*Asks:* 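What follows is a structure written as structure tokens; I'll ask about it next.
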Amino acid sequence: MLNLGGGDLDTNTPIGSMISPIVVALVRVELGIECHRIIESVIEAWAVGQDLGGRRPAFIDSQIR
């Protein structure tokens with residue numbers, strides 16, 4: 001059984017076994033598009049010097065001096 005959010009697709013039936021690889025292919029395409037969009041937005045943020053968050057340094061410059 002494959003749960004598609006709105007209903008189940010029985011992968012043991014002929015129709016289910018035909019549809020499941022198509023659904024998997026569509027999901028892979030969507031994930032690839034989403035990943036590409038995330039990478040583009042991070043590159044844009046770096047280009048304009050935007051803070052991307054993340055872990056802060058343990059010491060600030062004045063503490064190191």
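Numbers here are sequence positions counted from 1. Values below: every heavy atom of this structure, side chains too, minus hydrogens, waters and symmetry copies. Here the structure is a predicted model, which is why all the values come from computation and not from measurement.
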*Asks:* Out of curiosity, does V23 fall in the hydrophobic cluster containing M18 (side-chain heavy atoms, cut-off under 4.5 Å, transitive links)?
*Replies:* yes

*Asks:* Would you mind reporting whether S20 and T11 have side-chain heavy atoms less than 4.5 Å apart?
*Replies:* yes

*Asks:* For the residue pair S17 and P14, what are the closest heavy atoms and their distance?
*Replies:* OG-O, 2.9 Å

*Asks:* Treat each ILVMFWY residue as a node, draw an edge where side-chain heavy atoms are under 4.5 Å apart, and state whether L26 and I33 are in one component.
*Replies:* no

*Asks:* Just wondering, more than 12 heavy atoms not from I15 lying within 6.0 Å of its CD1?
*Replies:* no

*Asks:* For A45 and L52, which heavy atoms make the closest approach, and how far apart are they?
*Replies:* CB-CD2, 3.3 Å

*Asks:* What closest approach, in Å, do S41 and I38 show between heavy atoms, and which atom pair accounts for it?
*Replies:* OG-O, 2.8 Å

*Asks:* Share the residues that join I39 in a hydrophobic cluster, the rule being Ile, Leu, Val, Met, Phe, Trp or Tyr side chains under 4.5 Å apart at the heavy-atom level.
*Replies:* I43

*Asks:* What residues form a side chain to side chain donor-acceptor pair (under 3.5 Å) with D51, not counting sequence neighbours?
*Replies:* R56

